[in-house]
Amino acid sequence: MDRFIIRGGRRLTGEIEIGGAKNSGLKLMVAGLLTSERLVLSNVPGIADIKTMRDLLVGLGITVEDAGPRTLSIGGEIGSVEAPYDIVSKMRASILVLGPLLARAREAKVSLPGGCAIGTRPVDMHLKGLETLGAEIRLENGYINATAPDGLKGDRIILPFASVGATENLLMAATLAKGRTHIVNAAREPEISDLVHCLNAMGAQITGEGSGTLVIDGVEKLHGAHYAVMPDRIECGTYACAAGITGGDLLFVGGRADDLGAVIRTLEETGVEVVEEARGLRVRRSGTLQGVDIMTEPYPGFPTDMQAQFMAMLSVAEGASMITETIFENRFMHVPELNRMGARVNVHGRSAIIRGVPKLSGAPVMATDLRASFSLILAGLAAEGETQLSRIYHLDRGYEGVDRKLAACGADIARVSD
Ligand code: EPZ
């Protein structure tokens, strides 16, 4: 397995190209199930989860072809309706094929996704919503067996929580249902809007994106389209913390301020400056980092996917900070590792108290999940001495070319194979 070796203390300056969004690209690939015509997606990130999704779609009989740099052409007839455990257990987003398979093939057999490092992550809202649209669902031997022999029928769905995945599954299913569907208390993340724009480009009739209610008028069939995946706002926010923790000055080419409102406001509260420029977002820090309080919430609140990265940065801020994680029940796995580097973080239930320290010290640490892995890189960039980060396959799932991008801005980081 590969490791990163980081020697801290360098101030990062330069430019970082922001890639296509993982949490949009994966869903747009699934949208390719909704038509036999070609959906051509550009600006697709080169990350492990995209490869896993490609394997899943090919297993369903769909063709996924390279059509240029970071461009995939997806389409064809559905040959199988089974999403097997070995793929679903690797990537939870696989559950999103359930709605499209029901809509297009009127049946689906999808493994129940297991839990993961950050929580149990049930899919009850996905299943209840699909039953509201007329699906019959039975859970057997760890699989979801779903059928809709007469096709899906539009209806009104009220989500108890603005679940991103449930919104996406139900949205895609409703595009081919008979009649109108309302999804009330729908998630409002920018990645949902990206999916709505792509589906509408394919001939779907969806309004209300960005609001809490999506209205979908089902159509007979969807057609092919060309669509560019939005830039990855979490990748941009993650590297912004690298500028913050090293007192650097970085330009994120392709970064969009519109998608990062709460993150930008919080960065500015800590003393990090964010400036919109023609080519993207510039983030720099010249003064001291100040402690702040953060509560993760559904969009447009502070994103849970940025929590670990901010904790690393705040561990060397002046004063104390409190971070409350309201979305996932176990998303503080990075805390023990940060503390091994000299941070002073105490977890009390869903809140963590961070007392800023003047310096972190490099140490051998282990990645546990995607965003926690990056928080340890950020700590290593600021720490005195050498940090060795193992199990970086967690990182490869969602970040492309981390060592290349950071080294180009002056970081002393190398990827080595065990
Ligand atoms: C998506 O996960 C993202 N993943 C996550 O990013 C992100 O953290 C999350 O949305 C919240 O923004 C992808 O887009 C691939 P949810 P998802 O459904 O759809 C509970 C990353 O690091 N819930 O909004 O699974 C659930 O347990 C990943 O890129 C139910 O109880 O998130 C969780 O506590 C991590 N029942 C909360 O809702 C359900 O049926 C939020 O889940 C569905 C969800």
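Keep in mind that this is a model prediction, so the values were computed, not measured. When a ligand or atom number is given, it counts from 1 through the structure's own listing order. As a basis for the values below, the full set of heavy atoms in this structure was taken, side chains included, without hydrogen atoms, waters or symmetry mates.
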* Asked: Have R233 and Y299 got a donor and an acceptor in their side chains that come within less than 3.5 Å?
  -> no
* Which ligand 1 atoms are under 4.0 Å away from a heavy-atom of V123? -> 39 (C), 40 (O)
* Validation row, ring centre F302 to ring centre F310 under 6.0 Å -> yes
* Between D305 and ligand 1, find which residue part has any heavy-atom pair under 4.0 Å and reply side chain, backbone, both or neither. => side chain
* **Close N or O approach (I327, ligand 1; < 3.5 Å)** => yes
* Which atoms of ligand 1 have any heavy atom of K27 under 4.0 Å away? -> 13 (C), 14 (O), 15 (C)
* **Which residue and heavy atom of the protein sit nearest atom 15 (C) of ligand 1, plus the separation** => N23 OD1, 3.4 Å
* Sub-4.0 Å protein heavy atom next to atom 20 (C) of ligand 1 -> no
* Considering heavy atoms of the protein only, find what lies nearest to atom 36 (N) of ligand 1 and give residue, atom and distance to 0.1 Å. => D124 OD1, 2.7 Å
* M306 heavy atom under 4.0 Å from ligand 1 -> no
* Nearest-option assignment for atom 12 (O) of ligand 1, heavy atoms, candidates V164, N169, T326 -> V164
* Examine the side chains of D369 and H394 and answer whether a donor and an acceptor come within less than 3.5 Å of each other. => no
* Between R331 and T304, a side-chain donor and acceptor under 3.5 Å -> yes
* Can you tell which part of E168 has a heavy atom less than 4.0 Å from ligand 1: side chain, backbone, both or neither? -> neither
* Hey, does the side chain of S315 reach the backbone of A312 with a donor-acceptor pair shorter than 3.5 angstrom? -> yes
* With a cut-off of 4.0 Å, which atoms of ligand 1 are near a heavy atom of R371? -> 21 (C), 22 (O), 29 (O)
* To do: Compute the shortest N/O to N/O distance between E329 and ligand 1 and return yes if it is under 3.5 Å, no if not.
  => no
* Structure fact -> With sequence neighbours left out, the residues meeting salt bridge (charged side-chain N to carboxylate O under 4.0 Å, His left out) with E77 are R104
* To do: Find all atoms of ligand 1 within a distance of less than 4.0 Å from any non-hydrogen atom belonging to K22, and give their numbers and elements.
  => 21 (C), 29 (O)
* To do: Ignoring angles and geometry beyond distance, decide whether R331 reaches within less than 3.5 Å of ligand 1 through its nitrogen or oxygen atoms.
  => yes
* Asked: Would you say the side chains of Y399 and D232 form a donor-acceptor pair under 3.5 Å?
  -> no
* What are the atoms of ligand 1, with element, lying closer than 4.0 Å to any heavy atom of H126? -> 40 (O)
* Asked: Does the R285 side chain pair with the main chain of G244, one donor and one acceptor, at a distance under 3.5 Å?
  -> yes
* Distance flag, aromatic centroids of F4 and F374, threshold under 6.0 Å -> no
* **Atom indices of ligand 1 within 4.0 angstrom of T304 heavy atoms, with elements** => 8 (O), 11 (C)
* Q309 side chain to S375 side chain, donor-acceptor N/O pair below 3.5 angstrom -> no
* Asked: Out of G165, P303, A166, P122, whose heavy atom is nearest to atom 44 (C) of ligand 1?
  -> P122
* Residues R38 and S73: side-chain donor-acceptor under 3.5 angstrom -> yes
* Asked: Do D2 and S417 get their side chains close enough for a donor-acceptor pair, meaning under 3.5 Å?
  -> yes
* Just let me know how M125 lines up against ligand 1, side chain, backbone, both or neither, with a heavy-atom cut-off below 4.0 Å. => both
* With sequence neighbours excluded, what pairs up with P122 under the side chain to side chain contact (heavy atoms under 4.5 Å, CB included) test? -> T120, D124
* **Shortest protein heavy-atom distance from atom 9 (C) of ligand 1, along with the residue and atom involved** => F328 CZ, 4.0 Å
* **Nearest non-hydrogen protein atom, atom 17 (P) of ligand 1** => R121 NH2, 3.8 Å
* Asked: Is E140 paired with K109 through a side-chain N to carboxylate O contact shorter than 4.0 Å?
  -> no
* Structure fact -> Under 4.0 Å between heavy atoms, the region of F161 that gets near ligand 1 turns out to be side chain
* Give a yes/no on ligand 1: does G398 have at least one heavy atom closer than 4.0 angstrom to it? => no
* Shortest protein contact, atom 18 (O) of ligand 1 (heavy atom only) -> S163 OG, 2.7 Å
